[in-house]
Colleague: 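Quick one: the structure is below, questions incoming.
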Amino acid sequence: MIRGQHLESQRLKKKLRMAMTSISQGCLGLKRGGSMCCTEPSTFVMRDVFRSLASQLHLNRLPSRSWRRATLITCATFANENREFVIVGGGNAAGYAARTFVENGMADGKLCIVSKESVAPYERPALTKAYLSPLDKKPARLPGFHTCVGSGGERQTPEWYKDKGIEVIYGTTVTGLDISTQTLATASGSRLKYGSLIIATGCSASRLPDKIGGSLPGVHYIRDVADADLLVSSMQSAKKLVIIGGGYIGMEVAAAAAGWKIDTTVIFPEEHVMARLFPATLGRKYEELYEENGVKFFKSAFVKRLVAGTDGRVTAVQLENGSTLDTDMVVVGIGAKPVSTPFAEAGLKTHAGGIQVDGQFRTSSPGIFSIGDVAAFPLKIRLLALFLFEGIRI
């Protein structure tokens, strides 16, 4: 038993070293206007995750199609009577789930995806990495990073979904859920009937309050392609940039801004960058690398308010210590919040803002599952314990 625990510990240590190596190698692209790039961890486990989910769905078939057809006939607003499975959310998790449905013969004519965005699912991490590169550096653009290229899989363009018989409803959100009738209400006014439901709505960017200028023109949040396009447009003419937040988003945008030769300042309340992930010594190593490329840091700093100019656009950031930083634009990267409101209101149990699931992605309601960032999964991070208590040296 002791030997087995030791081997497991060694494997976990190796995985952590590999992850840290990946982060370090990503930072080498900073001088080229690249980003502090860490491969999305979920990419390596998505296939197993969705195979598990697919097997659960096989075991959770709801009433027969003939029963559902009789129900649907009485409701003229229901479009497709063959929707055995509906995925709410058009992000990366939905794309990988769709691939698994196809692999298991459960998609053609049976699967529907409801997406807020106007494009097919894509590898979202690219938006704060190569997507923000200067235009002369051949930045990433769709369809280059549609799901599932992040794991070496097939690029799932809109045509892929059509070819596989998957219905995708673009440009709308789900505003309500009636569990008793297995019905979804959308912002466009339509109602959708489902057999089994998968909630994959992800997160939205945390915002600064409007009363301190969080919604001023020139203040950017980044979560989707439209956000990234607006940011790139602003970066083309900006001379000064203030980034609020010293986490992944802030650091990756700062790396991109260095490539654009923008005078960039990053402010955050912690004592060093990436404080939730890195110890102080490692965080300061990254700060030194960024500073070598012209990025400035205001540590232990708190925002008081954003200042608007005569045209209404943001022109400065005032700090609680009395300092004022002039700027042409602001990027806010202070975290994200699960998009769970309509489902929580329908009675699904939540935890820490996300939809509570068990080890097989089942929510508190039979036939309803949740995956991706919106799911509060019962995961114990043993790597963190090893990192803190076993003195891993990198």
Side-chain angles (χ1 to χ4, degrees), residues 16-41 125 127-134 137 205-206 208 220-222 231 235 238-304 316-336 383-384 387-388 391-394:
L16 182 58
R17 290 194 184 99
M18 290 173 64
M20 299 309 298
T21 300
S22 174
I23 293 173
S24 298
Q25 289 175 342
C27 258
L28 295 179
L30 183 67
K31 294 183 179 180
R32 300 189 296 272
S35 65
M36 193 172 108
C37 171
C38 178
T39 303
E40 187 182 28
L127 296 181
T128 51
K129 297 179 175 65
Y131 202 94
L132 300 182
S133 296
K137 302 296 182 182
S206 297
L208 295 177
H220 294 267
Y221 303 86
I222 183 165
L231 181 54
M235 293 174 81
K239 302 298 182 183
K240 291 185 177 182
L241 164 65
V242 171
I243 299 171
I244 300 173
Y248 269 118
I249 298 298
M251 297 299 284
E252 291 177 345
V253 173
W260 286 87
K261 307 301 181 184
I262 299 173
D263 182 354
T264 302
T265 301
V266 183
I267 61 178
F268 47 87
E270 298 85 8
E271 295 183 356
H272 61 85
V273 301
M274 305 291 290
R276 294 184 181 181
L277 181 63
F278 293 164
T281 52
L282 183 56
R284 293 191 180 110
K285 286 289 185 182
Y286 281 109
E287 291 172 5
E288 292 172 3
L289 174 59
Y290 276 73
E291 288 169 342
E292 289 173 3
N293 289 273
V295 177
K296 298 182 287 293
F297 295 100
F298 273 61
K299 309 174 190 180
S300 303
F302 296 84
V303 175
K304 182 177 182 180
V317 177
Q318 287 187 354
L319 305 182
E320 291 285 358
N321 64 9
S323 301
T324 298
L325 305 175
D326 294 333
T327 189
D328 300 316
M329 58 183 293
V330 171
V331 174
V332 181
I334 55 174
L383 279 175
L384 180 59
F387 180 73
L388 293 176
I392 294 177
R393 298 182 181 275
I394 300 172

Colleague: Main chain of L208, side chain of Y221: is a donor-acceptor contact present, judged purely on distance under 3.5 Å?
Modeller: yes
Colleague: With T128 as reference, evaluate L231, I222, V331 under the side chain to side chain contact (heavy atoms under 4.5 Å, CB included) test and give the passing residue.
Modeller: I222
Colleague: Just say parallel, tilted or perpendicular for the rings of Y286 and F278, cut-offs at 30° and 60°.
Modeller: parallel
Colleague: Decide side chain to side chain contact (heavy atoms under 4.5 Å, CB included) for L325 and I267; before the verdict, give the C-alpha distance in whole Å, the side-chain angles of both, and the deciding distance to 0.1 Å.
Modeller: CA-CA 10 Å; L325 305 175; I267 61 178; 3.8 Å; yes
Colleague: I want to check something: taking the side chain as every heavy atom from C-beta on, are V295 and V266 in contact at a cut-off of under 4.5 Å?
Modeller: yes
Colleague: Is there a donor-acceptor pair closer than 3.5 Å between any side-chain N or O of T327 and the backbone N or O of V242?
Modeller: yes
Colleague: List the atom of G246, the atom of M251, and the distance in Å for their closest heavy-atom pair.
Modeller: O-CG, 3.9 Å
Colleague: Can you tell me if E291 uses its side chain to pair, donor with acceptor, with the backbone of K296 under 3.5 Å?
Modeller: no
Colleague: Mind checking the CG-CZ spacing from L319 to F298? Nearest 0.5 Å is all I need.
Modeller: 6.5 Å
Colleague: Minimum heavy-atom separation for A336 to S206, with atom names?
Modeller: N-OG, 3.4 Å
Colleague: Testing the basics here: between V332 and V330, what is the closest heavy-atom pair and its distance to 0.1 Å?
Modeller: CG2-CG1, 4.0 Å
Colleague: Could you tell me whether a side-chain N or O of D328 sits under 3.5 Å from a main-chain N or O of K240, the two making a donor and an acceptor?
Modeller: yes
Colleague: Are the side chains of F297 and V273 in contact, using a 4.5 Å heavy-atom criterion?
Modeller: yes
Colleague: Is E271 atom CD crowded by more than 12 heavy atoms from other residues, nucleotides or ligands, each under 6.0 Å away?
Modeller: no
Colleague: CE of M329 to CE of M235: how many Å apart, nearest 0.5 Å?
Modeller: 6.0 Å
Colleague: Using a 3.5 Å distance criterion without hydrogens, assess whether the side chain of W260 forms a donor-acceptor pair with backbone atoms of L132.
Modeller: yes
Colleague: Look only at the side chain of S133 and the backbone of Y131, and say whether a donor-acceptor pair between them is shorter than 3.5 Å.
Modeller: no
Colleague: So, taking the atom named CD in E292 and the one named CD in E288, what distance separates them when rounded to the nearest 0.5 Å?
Modeller: 7.0 Å
Colleague: Is the number of heavy atoms from other residues, nucleotides or ligands under 6.0 Å of K304 NZ greater than 12?
Modeller: no
Colleague: Say you draw a straight line from NZ of K129 to CD of E252; how long is it, rounded to the nearest 0.5 Å?
Modeller: 3.5 Å
Colleague: I need the minimum non-hydrogen distance between F268 and E287, along with the two atoms involved.
Modeller: CZ-OE2, 4.2 Å
Colleague: Evaluate the side chain to side chain contact (heavy atoms under 4.5 Å, CB included) criterion for residues V253 and L241: first the C-alpha distance (whole Å), next the side-chain angles of each, then the deciding distance (0.1 Å), finally the verdict.
Modeller: CA-CA 10 Å; V253 173; L241 164 65; 4.3 Å; yes
